[in-house]
Amino acid sequence: MPGNCPDRFSTRPPSDITAKACQVCSTWIGSGVVSDLNDLRRVHNLLVSSLDKVQAGKDSSSQLYSESATTMEKLAVLKAWAEVYVVAMKIKKEAESRPVKEVKAGEEDEEEEEVGADVLPPDSLIMLVQPELPSLSGLWLAVLRDYALLTLPAEFSSQLPPDGGAFYTPETIDTARLHYRGSWAPVLHAVALWLSSTSFGAGEGEEEAPAVPPQASGAPVYPQGNPGPTQSLEDLIKDRMHLMLGVSIEFLCFPRPEEPIEHVMSCLQALCTLLDSPVPGHTSVKTSC
């Protein structure tokens with residue numbers, strides 16, 4: 001597949017084609033068969049070009065397809081990135097946990113040849129994902145906020161934003177729920193890993209964060225998770241922890257029969273990652289949950 005695929009998707013392929021292509025890319029990267037860095041970079045470029053479209057927001061070209069199709073496409077792109085990030089962090093963790101092998105004189109060149117022959121360096125994937133994380137983290141959080149609101153019981157429907165969410169409009173809310181149900185779990189796991197590895201994003205406020213594109217004119221723009229002018233770091237951590245725990249507990253307490261087992265595993269792994277993180281323990285978030 002990678003050897004014959006183009007470096008970028010066409011200017012505006014149909015939304016379902018982009019969604020399926022992103023799924024293929026993330027599945028291939030997570031399959032464990034990747035052995036060539038050039039192939040990995042080529043597939044990575046496909047994902048980057050799709051992410052660029054998500055961040056570009058709604059323009060005239062996106063009018064070619066329905067709002068529901070646009071929601072499906074954007075969530076598929078963000079889900080694919082989440083799956084890639086989860087794999088990248090797993091590879092990184094496994095590499096860091098391996099005991100350092102003592103290399104004797106004369107064996108170093110031989111070992112490098114063996115590794116370079118059919119095994120990628122363990123940090124190759126995370127290095128490709130790292131530059132996109134400032135944007136991805138905010139987009140993932142926006143997905144989870146949308147999903148949390150969309151799973152509210154009918155009696156709380158008045159709490160839904162009147163102009164829609166980050167990636168859906170009020171007119172497409174019913175079909176949007178289906179798209180979010182297929183994407184939330186890998187995103188939850190990815191956000192948990194990102195929060196754990198960045199002290200719940202404590203240092204991200206030092207960088208300029210791009211805005212999450214609204215789905216339609218007047219739709220609310222969710223913050224990238226940076227603390228506002230009056231929001232303390234502790235409040236930021238609480239908000240994020242409550243969002244993650246709320247989504248997880250709602251799912252585990254009210255499971256849907258059609259939910260795939262992969263979603264259950266992603267949810268449980270996300271919870272384990274959150275609870276293992278030392279940062280929430282230094283705030284009052286645990287006692288308030």
Side-chain angles (χ1 to χ4, degrees), residues 1-62 64-65 69-92 95 115-143 166-167 179 182-183 186-187 189-191 193-194 197-198 207-213 224:
M1 175 201 115
N4 297 321
C5 67
D7 287 338
R8 300 181 70 85
F9 293 136
S10 61
T11 304
R12 191 64 193 175
S15 296
D16 58 339
I17 298 298
T18 300
K20 182 61 67 174
C22 288
Q23 179 186 344
V24 171
C25 289
S26 64
T27 301
W28 179 76
I29 290 175
S31 65
V33 302
V34 185
S35 60
D36 185 274
L37 186 57
N38 290 328
D39 285 346
L40 178 60
R41 284 173 176 161
R42 187 176 292 111
V43 174
H44 169 260
N45 286 338
L46 296 175
L47 292 174
V48 169
S49 66
S50 297
L51 181 60
D52 289 343
K53 295 174 186 175
V54 173
Q55 296 182 85
K58 188 173 182 180
D59 53 29
S60 57
S61 63
S62 65
L64 294 171
Y65 307 106
T70 301
T71 297
M72 175 194 66
E73 177 183 357
K74 291 180 177 180
L75 293 180
V77 172
L78 296 175
K79 176 186 177 182
W81 273 102
E83 292 171 338
V84 170
Y85 180 59
V86 169
V87 171
M89 291 296 285
K90 178 182 178 182
I91 294 173
K92 179 184 177 184
V115 172
D118 51 14
V119 179
L120 290 174
D123 62 344
S124 57
L125 184 54
I126 192 63
M127 292 298 291
L128 290 176
V129 178
Q130 199 75 37
E132 313 301 333
L133 284 178
S135 297
L136 282 169
S137 58
L139 293 164
W140 287 335
L141 284 166
V143 170
F167 306 108
H179 299 320
S183 306
V187 171
H189 192 188
V191 171
L193 290 169
W194 174 76
S197 65
T198 60
E207 301 177 2
E208 181 181 354
V212 174
Q224 292 294 295

Mind checking the [atom1]-[atom2] spacing from [X] to [Y]? Nearest 0.5 Å is all I need.
X	Y	atom1	atom2	value
Glu132	His44	CD	NE2	5.0 Å
Lys20	Thr27	NZ	OG1	8.5 Å
Tyr85	Lys90	OH	NZ	15.5 Å
Leu125	Lys92	CG	NZ	11.5 Å
Lys74	Thr18	NZ	OG1	12.0 Å
Ile91	Ile29	CD1	CD1	9.5 Å

Looking at every heavy atom in both [X] and [Y], which two are closest together, and how far apart are they?
X	Y	answer
Ile126	Asp123	CG2-O, 3.3 Å
Gln55	Ser135	OE1-OG, 2.9 Å
Pro134	Ser137	O-OG, 3.2 Å
Ser183	Lys79	CA-CD, 4.0 Å
Pro186	Ala82	O-CB, 3.5 Å

Using side-chain heavy atoms (C-beta onward) and a distance below 4.5 Å, is [X] in contact with [Y]?
X	Y	value
Leu51	Trp81	yes
Trp28	Asp39	yes
Cys22	Leu47	yes

Between His179 and Leu75 (side chain of the first, backbone of the second, donor and acceptor by atom type, cut-off under 3.5 Å), is there such a pair? no
Stepwise, does the side-chain contact (heavy atoms from CB on, under 4.5 Å) test hold for His189 with Leu193? CA-CA 6 Å; His189 192 188; Leu193 290 169; 3.9 Å; yes
Where do Leu133 and Trp140 land on the side-chain contact (heavy atoms from CB on, under 4.5 Å) test, with the steps shown first? CA-CA 10 Å; Leu133 284 178; Trp140 287 335; 4.1 Å; yes
Could you check Leu78 against Phe167 for side-chain contact (heavy atoms from CB on, under 4.5 Å), going step by step and ending with a plain yes or no? CA-CA 11 Å; Leu78 296 175; Phe167 306 108; 3.9 Å; yes
